[in-house]
Structures are given as C-alpha cells and as structure tokens.
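Hydrogens, waters and symmetry mates are skipped; everything else that's a heavy atom, side chains included, is used. Just so we're clear, the structure is a prediction, and the values are computed from it rather than from any experiment.
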Amino acid sequence: MELEILKLIYDYSINGRLVDKIFINKIIEIVVKKKDLNNYIRNVYYTNSLEKNDNGVVCAAYSTIRKEMVIDFESIKIVIENKSYYDQLFHSFEQIMFRNLTITQFILHEIEHAFQNKQSDNKSDNSIETRLIKACLMIEQAIKNPNFLKGILTKEIPTHDFIVYILQSKKLYEKYYNLNPIERLAQINSFRTIVNSIEPIKQYIPNLYEFKQASLVESALEGYVDSWEQGICPTEVYLSGTRQGNVWLNMDFYDQDSSQLMKNVINKYNLVKRLSLGLPISSIEYNSCNEWLQNTNKFNV
C-alpha cells in the first residue's frame, strides 16, 4: 500500500501537479482495497461548505452513519496557503511534494475513521485499541442498533431526551477533541503511513522526510501537557470528561495507586503503543521525545 501511495505522490510531484479529484479517488481506492473498507466508504462527495472559521478549517470529513467521505478543496487551498511558510525548508521538488503529502494526510486521516468504524463493528475484537474506539463511537454504535431505532420510532426512547443527549455529547466532543483517542489514532496512523511511504526515497528528500517525522512525533505528544493538569494522560482525562470513567477502570493495567498503574502500563505496552493510544508516559519519556522534536527543522524555521 505504501509503495502505491509513494508512486502516486511521486508521479504527481515530479510533474508539478497538485492533488486533484483523480488523485484523491485513487488514494481512497488504494487504502480501501488494502483495509477492506468497501462497506465503510460507499461514496466520496466534494463540496466547498465544510466549516471555516477562526477556530480552524475542515478539509475533509467522514460520516460514520452515511459511510461517506467529504472533501473540501476550498478549505484545502486555505490550509496549503497557510503552510507555505515552510517552503523555505525545501527545494522546489520538495515544495510540491510537501503540498501533496499534506493533502494526502488529510485524506488518510479520514479513511482511518472509516477503519475505526469497521473495528467498532467487530464483536470479537477485545483489544485495548478497539475498546477505546467503541467508547468514542458509542452514539454511532447506538444509532446503528435496530433496537435503538425501534425505541425512537415507538417513543420508548423520548426523541427530546435523545436530542439533548446528542447536543451534550457534541459539546463534550468539542471540549475534549485534542484528547480524543480516535482523533489521536487517526492523526498518528495517517502520519505514520506518510512517513513509511516516503521512507524509500528519504535520501532524495531529506528535509521533507525530517519534517514529516517531526509531524508524526508532534501528533504523538499532542495533549499530554494539557492532560497532566487534569489527570495522568490524554485518554484518562477524555474518558473521565465524557463520563466514561468505567472504561478506564477496566483497563488491563489499571491500579488505584498511580505509581503501580504507571509500572503496569509500561510493562504492558511499549512507548510507541502508549503514545498512539494516549496512555501514561513518564516525564523522562516525554522530555526525550520533545527534545528530539524541538531540534528538527519543523521547529527551527
């Protein structure tokens, strides 16, 4: 899969072409085939109406219910223009590839959400990753449940109460967005795919390769400093804040004693896995990663 992605990105970049609809459809086709997502991405819709405000710009989105990818080229153009500041780091070929890789990462991020939807439907998967995904997609899973829909139609579940619950959940989602395990996983996995895809040609694009490595590590460290003000790690704060503390209490490393919990989780999962899932890391581990990050070209423009 990574080599197919690299070939597509390289062909476009070497010919001075920027990502277009044909490119995006091909990227989606490559990943859908690899991850068997035909039942989870049924349509790709292009629009210029995704959210654009002072809080940010949405370039792409995935609908769990409609199983649809939505792409906004107007938003993409805005983001790419804002990132042109980094052009000074790259030679001409890298500048074009930088734009194409940036857009590709947006698309891969949303495809990861489609894959998470598939994982949440897997009744036999009890891995820690899937349990966290199911907790984050609890509402979506409920809506897909025929018994739930029947309850709405027969008014056994009051529509007003459900709407209030949805609105409250949306507020919590926005409040804890940067600590959300599924957003963390989608961001990290999409950047990891980017880094793995360009690794075979890293000697020809050293500055760009370093930049994308930095982006991967930056996304892995996201939320830790904020979470330490409220708890012990991003995922614990997210679960507590979204009223799903019981999920945390049932983790296979949990212990009431925070010191023992840290020992348990370090013995159970390596640093890469803990960062991917937003689990506890030590200050030494964080500082080591952050020191490397701050010395990369991304943070020394």
In terms of ring plane angle, is the pair His109 and His113 parallel, tilted or perpendicular, where the classes change at 30° and 60°?
perpendicular
Checking Gln105 against Gln187: is there a side-chain donor and acceptor pair closer than 3.5 Å?
yes
Aromatic contact, Tyr204 with Tyr209 (centres under 6.0 Å):
no
Strictly below 4.0 Å, N to O, side chains only: are Lys7 and Glu4 in salt-bridge contact?
no
Can you establish whether the number of heavy atoms outside Ile284 located under 6.0 Å from its atom CD1 is more than 12?
no
Can a donor-acceptor pair be found between the side chains of Ser124 and Asn122 at a distance below 3.5 Å?
yes
Would you mind checking if Glu74 and Lys77 are paired as a salt bridge, meaning a charged N to carboxylate O distance below 4.0 Å?
no
Kindly determine whether Phe23 and Tyr12 satisfy ring pair (Phe, Tyr, Trp, His ring centres under 6.0 Å), including the steps that lead there.
CA-CA 8 Å; Phe23 179 103; Tyr12 263 70; 5.0 Å; yes
Using the side-chain hydrogen bond (donor to acceptor under 3.5 Å, both in side chains) rule, take Asn117 and Thr64 through it: C-alpha gap first, then chi angles, then the decisive distance, then the call.
CA-CA 7 Å; Asn117 193 19; Thr64 303; 4.9 Å; no
Taking atom types as modelled, find out whether Ser215 and Lys298 have a side-chain donor-acceptor pair closer than 3.5 angstrom.
yes
Rounded to the nearest 0.5 Å, what's the gap from CD1 on Ile27 to OG1 on Thr104? Could you check?
5.0 Å
Got a salt bridge between Glu94 and Arg99, using NZ or NE/NH1/NH2 to carboxylate O under 4.0 Å?
no
Please tell me whether Thr130 and Ser127 have a donor and an acceptor in their side chains that are separated by less than 3.5 angstrom.
yes
Treating Gln95 as the side-chain partner and Asp87 as the backbone partner, does any N or O pair qualify as donor plus acceptor under 3.5 Å?
yes
Hey, can you tell me if Tyr10 and Phe93 have their rings parallel, tilted or perpendicular (30° and 60° cut-offs)?
perpendicular
Are Asn178 and Asp226 close enough that a side-chain donor and a side-chain acceptor fall under 3.5 Å?
yes
Given the rule in the ring pair (Phe, Tyr, Trp, His ring centres under 6.0 Å) test, do Trp248 and Phe253 qualify, once you have shown the distances and angles that lead to the verdict?
CA-CA 9 Å; Trp248 181 254; Phe253 54 79; 5.3 Å; yes
For the residue pair Glu285 and Asn287, confirm or rule out a side-chain donor-acceptor distance under 3.5 Å.
no
